[in-house]
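Letters go in sequence order (proteins before strands), and every chain restarts at 1.
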Protein chains: 2
Amino acid sequence: MAEAKKSTLWLVAERAGVSIASVSRVLNGQPASQGVTERVRAAAAELGYVPDATARSLKVGRTEQIALAVADVGNPVYVGMMHEISRVVTKAGYRLVLSSTGANPKDQIDLLVGLNRGFADGLILSPLRAPEELGAQLKASRFPIVIIGSVPPGVELDNVRADSVAGMALAVNHLAEQGRERIAFVNGPVDTVPGAARRNGYVTALAALGIGHGTQVSARDFTYQAGLKAATALLDKETPDAIVCANDLLAIAALNVATRRGLRIPDDIAIVGMDDTDIADLANPAITSVNLGATKRARTAAKLLLRRLENPEAPLRQVVIEPTLTVRGSS
Amino acid sequence: MAEAKKSTLWLVAERAGVSIASVSRVLNGQPASQGVTERVRAAAAELGYVPDATARSLKVGRTEQIALAVADVGNPVYVGMMHEISRVVTKAGYRLVLSSTGANPKDQIDLLVGLNRGFADGLILSPLRAPEELGAQLKASRFPIVIIGSVPPGVELDNVRADSVAGMALAVNHLAEQGRERIAFVNGPVDTVPGAARRNGYVTALAALGIGHGTQVSARDFTYQAGLKAATALLDKETPDAIVCANDLLAIAALNVATRRGLRIPDDIAIVGMDDTDIADLANPAITSVNLGATKRARTAAKLLLRRLENPEAPLRQVVIEPTLTVRGSS
DNA sequence: AACGTTCTCGTAAACGTTTACAGTCCACAT
DNA sequence: ATGTGGACTGTAAACGTTTACGAGAACGTT
């Protein structure tokens, strides 16, 4: 049945004794006489014919591919988003092209000029850093883009983002209700999009509550190892009664550092993380985490892109996802 | 400079006053007179010309894409492999198409017929389950495939796999040296490729050591939640002095269950995981883990595929990666 | 000056589809 | 018998590249 040989419309047409147009029509479900339909079906089956995706793409002007660029594939929250986006777009008949732009912002603009080569019909971009130049490239794109996170000023694109301020408020209020008074903050790099957003959230949330803000430290990046260092530095300086962390990884790091110092969680010190990823459950005790709606953001982004693909003139949409708080053992 | 309008070779040729053949040549670095070269370069720059990937693919017969199909994007070990493969193939100028075949084996064969449409130049496949039919489809493929894990009997493909027996031996010997005598095993589903391999490894490793094998339990899948259940079931029945787990997630689950029961790790009970993923570090204490060479397997698989792409006649290679043991606090 | 080489460049044919257009055939109504 | 319309199918032109081929031009050699 299925030979390892490629066969073209031509071969099928020849074998069925019809024209290639008829073959194409039958195979695409267009109306055709019963005789032709049967002969074509039979010939196609015997030859193990499968249409060529590239040729089809060239003709119809669509690749049926969607590109996804995430900053850091190591981070569990991105993995979750990737997974969700993959689900949505494959269900809609698209393939997912993974373009892991590293921390290097140049990769991002490379990606954008690459996109203009038309290897994908659209792009979902979640930039870790958003330099000036990115904005220019974004608006020069021939293809629809939806970005997860804030859009650079001046570019008009569909986007979906988290509400870091509300999220931080959730965490801080929760801690304040327990009577915690010295709430420290372990952040990631503040020159990143999420780092800046969460710092802002922390400051405003505390201000809104009338609590002076506590000590802030920044990890070198959003990883566990960096978190260990940052948390150690923090606890060397002082012992707050609560730590909120920009990330679940950082939170686990803080939790482990605290535990190893003999602090009891949550009695002596409460820990709350952000993103509410799977790994929040792994810690012992499991960590309370602010769910910034990562998977929902991912899903929404995918749907926004699909919507724009089928209607390029659709009005611009900028969605912000409301955060929730998942309370676990660490607070 | 870069307009949001697509421009073709034709437009560039017209503007430069040359033929499209010359434009193509200049842009591909083929020799051309200085005058033509300059005019073409200028015209291309002014028009913001970027060549069309699809048309090029159709002509040259390559998409410059590599497909990757992993069983479960939730699992950290696959994430690591994905990351590594992404690195290698992008460095070689390929894009990575992510085809997340779920647990459903039908997705896998769908993927294979899809591959025959030529949306990618090759495939890296890491099947969780390998039903009979998969073998047939594999050999019917027009494109090179390398599989991570064992190949179904009868198909000849490049592949790279872990040595589960040696890996288990590493774990078991390590525990035996400490005088542990009752070594239990928390496995994942045994009807999966890794599940079966690791069970086999466990049994043979213990037999080689002359230790009768201990209790085996199987989690419903390779996740933390399933691990909690399995570990609870195990510890309800008995209290071994060591548990090896088929997975780091399962290991963390076992560790947490044990800890919550008041067992001291590693004094009362040692825990060792497998895969040596990032999360092995997150636990408290960090868990000892057998490194089955996941990233190395990934890298090797990618390189095998690249090699075959550039030389389809290369001799078949089946690589097995040697495991190592990373000892941490849990043993 | 005639001739062979080499270099440069344009013409045109692919690659494998989809699809507009036109042609054929037949039924049916006039 | 002739026209009208509809259903079907074939011809051919795209889509945007790459590249084999051949025609000139430029150059050096005799």
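Note that CG of A/Leu27 and CG of A/Leu9 are 7.5 Å apart. Values are rounded to the nearest 0.5 Å.
When all heavy atoms are compared, the tightest approach of B/Gly118 to B/Thr63 is O-CG2, 3.3 Å. Looking at every heavy atom in both residues, B/Pro189 comes nearest to B/Thr192 through O-OG1, 2.8 Å.
Put simply, CD on B/Glu14 is 17 Å from C1' on C/dT11, counting in whole angstrom units. Across the protein-nucleic acid pair, A/Leu11 atom CG and C/dC15 atom C1' stand 14 Å apart, rounded to whole Å. In this structure, the CG atom of A/Leu27 is 14 Å from the P atom of D/dT9, given to the nearest Å. As a whole-Å value, the separation of B/Arg62 CZ from C/dG16 P is 15 Å. For the pair A/Trp10 CH2 and C/dA14 C1', the computed distance is 14 Å after rounding to whole Å. Whole-Å rounding puts the B/Gln30 CD to D/dT17 P distance at 16 Å. To the nearest angstrom, P of D/dA13 lies 12 Å from NZ of A/Lys59. Rounding to whole angstrom units, CZ of residue A/Phe119 and P of D/dC15 are separated by 23 Å.
Relative to the side chain of A/Ile20, the nucleotides D/dT17, C/dG16, D/dA12 differ in distance, and D/dA12 lies closest.
Here B/Thr8 lies in heavy-atom contact (under 4.0 Å) with sugar-phosphate atoms only. At a threshold of 4.0 angstrom between heavy atoms, the contacts of B/Ala21 include nucleobase atoms, whether or not backbone atoms are also involved.
The side chain of B/Ser24 places an N or O atom within less than 4.0 Å of a non-bridging phosphate oxygen (OP1 or OP2) of D/dT18. Within the 4.0 Å cut-off from OP1 or OP2 of D/dT9, at least one side-chain nitrogen or oxygen of A/Ser33 is found. Checking the phosphate oxygens (OP1, OP2) of C/dT18, a side-chain nitrogen or oxygen of A/Arg56 falls inside 4.0 Å.
Side-chain N or O atoms of B/Asp121 include one that pairs as donor or acceptor with a backbone N or O of B/Glu64 at under 3.5 Å.
The nearest heavy atom of DNA chain C to B/Val18 and to B/Leu58 marks one nucleotide each, and the one closer to the 5' end goes with B/Val18. Each of B/Ser22 and A/Tyr49 was assigned the nucleotide of DNA chain C with the nearest heavy atom; the assignment lying further toward the 5' end belongs to B/Ser22.
Of the charged side-chain nitrogens involved, none lies within less than 4.0 Å of a carboxylate oxygen, so that A/Arg41 and A/Glu38 do not count as a salt-bridged pair.
Judged by distance alone, with hydrogens and angles left aside, B/Arg25 brings a side-chain donor or acceptor within reach of the base of C/dG10, the pair sitting under 3.5 Å.
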